[in-house]
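Submitted below is the structure of interest, expressed as structure tokens.
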Amino acid sequence: QVQLVESGGGLVQAGGSLRLSCAASGRTLSMYTIGWFRQAPGKEREFVAFITRSGHMTYYVDSVKGRFTISRDNVKNTGSLQMNSLKPEDTAVYYCAVVGRVVPPTKAYEYEYWGQGTQVTVSS
């Protein structure tokens, strides 16, 4: 079992930045790919980014490329999502999730463990 806790969400103006963190307990994060997802009201949960177990590979949904950066610290057992140049359409609850698969997935149902989410609101 892996327990995940997100933090760092909040209210920010368009163009601003936030850094989300995902703290893990129960097992070492180095065994898992970390994914970030988001869900806006009335919409399906959307893939945002993943980072592989070693941190050597990252992948982003097109809408956040060049603005968001995913990272991890396997010593501290944490993951992060740096979000810059935020837009109102980035408003959502953001979730971190992990999966032990070698080939990192982008579908939410493929992830094994989830955090409770943190709200990000971007005002125009």
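The shown structure was predicted, so the numbers you read here are calculated from the model rather than taken from an experiment. Numbers for residues simply follow the sequence, beginning at 1.
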Requested in this report: Determine whether L20 and M83 make a side-chain contact, defined as any pair of heavy atoms from C-beta on separated by less than 4.5 Å.
Outcome: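 Result yes, sub-4.5 Å side-chain heavy-atom pair found.
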Query raised in the report: Can you tell me if E6 uses its side chain to pair, donor with acceptor, with the backbone of G117 under 3.5 Å?
Result: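 Pair found, side chain donor or acceptor close to backbone of G117.
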Query raised in the report: Nearest heavy-atom pair of S80 and S21: which atoms, and what distance?
Result: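 Scanning both residues, the minimum pair turns out to be OG-OG, 4.1 Å.
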Report task. Give, for atom CZ of F50 and atom OG1 of T106, the distance between the pair rounded to the nearest 0.5 Å. Result ->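 Interatomic distance, F50 CZ to T106 OG1, rounded to 0.5 Å: 7.5 Å.
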**Report entry** Which atom of R53 lies closest to which atom of G100, heavy atoms considered
**Finding:**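 Shortest heavy-atom separation between R53 and G100 comes out as NH1-O, 4.0 Å.
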Query raised in the report: Side chains of S17 and N84: is there a donor and an acceptor less than 3.5 Å apart?
Result: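 Note: S17 and N84 side chains meet the donor-acceptor criterion.
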Requested in this report: With R45 as the cation and Y95 as the aromatic partner, state whether NZ or CZ is under 6.0 Å from the six-membered ring centre and within 45° of the axis.
Outcome: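 Pair R45/Y95 counts as cation-pi.
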Query raised in the report: Tell me, do K107 and V99 make a side-chain contact under 4.5 Å, heavy atoms counted?
Result: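 K107 does not reach V99 side chain to side chain.
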Query raised in the report: Can you name the closest pair of heavy atoms from E110 and P105 and give their distance?
Result: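 Looking at all heavy atoms of both residues, the closest pair is OE1-CB, 3.1 Å.
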Query raised in the report: Can you tell me if T91 uses its side chain to pair, donor with acceptor, with the backbone of V122 under 3.5 Å?
Result: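 Indeed, once roles are kept as given, a pair shorter than 3.5 Å links the two residues.
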Requested in this report: Please step through side chain to side chain contact (heavy atoms under 4.5 Å, CB included) for the pair L29 and R72, ending with a clear verdict.
Outcome: CA-CA 9 Å; L29 264 187; R72 65 189 300 155; 3.9 Å; yes
Query raised in the report: How many angstroms lie between atom CZ of R67 and atom OG of S85, to the nearest 0.5 angstrom?
Result: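 Going from the CZ atom of R67 to the OG atom of S85 covers 7.0 Å.
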Query raised in the report: Which residue pairs pass the disulfide (SG to SG under 2.5 Å) test with at least one member in residues 66-124, sequence neighbours excluded?
Result: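 Those involving residues 66-124 are C22-C96.
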Query - Smallest separation among heavy atoms of T33 and T52, with atom names - result: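 Shortest heavy-atom contact: OG1-CA, 4.0 Å.
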Query raised in the report: Is it true that a side-chain atom of Y94 and a backbone atom of L81 form a donor plus acceptor pair closer than 3.5 Å?
Result: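 Not a single qualifying donor-acceptor pair exists.
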Query raised in the report: Can you name the closest pair of heavy atoms from Q119 and A92 and give their distance?
Result: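 Minimum heavy-atom separation between Q119 and A92: NE2-O, 3.4 Å.
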Query raised in the report: In terms of side-chain geometry, is the basic nitrogen of D90 or K87 positioned less than 4.0 Å from the acidic oxygen of its partner?
Result: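 Here D90 does not pair with K87 in a salt bridge, since their nearest N and O are not under 4.0 Å apart.
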Query raised in the report: Y32 versus R101: any side-chain heavy-atom pair under 4.5 Å?
Result: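 No - every pair of side-chain heavy atoms lies 4.5 Å or more apart.
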Query raised in the report: What are the two closest non-hydrogen atoms of V61 and E46, and how far apart are they?
Result: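 Closest approach of V61 to E46, heavy atoms only: CG2-OE2, 4.3 Å.
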Requested in this report: Kindly determine whether L18 and V120 satisfy side chain to side chain contact (heavy atoms under 4.5 Å, CB included), including the steps that lead there.
Outcome: CA-CA 8 Å; L18 284 173; V120 171; 3.8 Å; yes
Query raised in the report: Where do Q116 and V5 land on the side chain to side chain contact (heavy atoms under 4.5 Å, CB included) test, with the steps shown first?
Result: CA-CA 7 Å; Q116 82 291 346; V5 177; 4.2 Å; yes
Query raised in the report: Can you find a heavy atom in the side chain of L4 that is under 4.5 Å from one in the side chain of V98?
Result: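 SC-SC contact between L4 and V98 confirmed.
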Query raised in the report: To the nearest 0.5 Å, how far apart are OG1 in T78 and CG in D73?
Result: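 Result: 4.5 Å between the selected atoms.
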Query raised in the report: Ring centres of W114 and F37 under 6.0 Å apart?
Result: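 Aromatic pair counts; centres sit under 6.0 Å.
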Query raised in the report: Do side-chain atoms of N77 reach the backbone of R27 as a donor and acceptor pair under 3.5 angstrom?
Result: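 Here the side-chain-to-backbone pair exists.
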Query raised in the report: Atom CD of E89 and atom OG of S124: how far apart are they, to the nearest 0.5 Å?
Result: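 Those atoms lie 10.0 Å apart.
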**Report entry** Side chains of Y59 and F47 in contact at under 4.5 Å (non-hydrogen atoms)
**Finding:**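 Yes, close enough: below the 4.5 Å cut-off.
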Requested in this report: Please check if M31 and Y111 belong to a single hydrophobic cluster, counting links between Ile, Leu, Val, Met, Phe, Trp and Tyr side chain heavy atoms closer than 4.5 Å.
Outcome: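 Yes: a chain of side-chain contacts under 4.5 Å links M31 to Y111.
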Query raised in the report: Are any of the side-chain heavy atoms of T69 and Y60 separated by less than 4.5 Å?
Result: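 Yes, at least one pair of side-chain atoms sits under 4.5 Å.
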Query raised in the report: Got L86 and F68 here, is their nearest side-chain heavy-atom distance under 4.5 Å?
Result: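 Side-chain contact under 4.5 Å: yes.
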Query raised in the report: Under 6.0 Å from the NZ atom of K43, do we count more than 12 heavy atoms belonging to anything else shown?
Result: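 No, the 6.0 Å shell around NZ holds no more than 12 heavy atoms from other groups.
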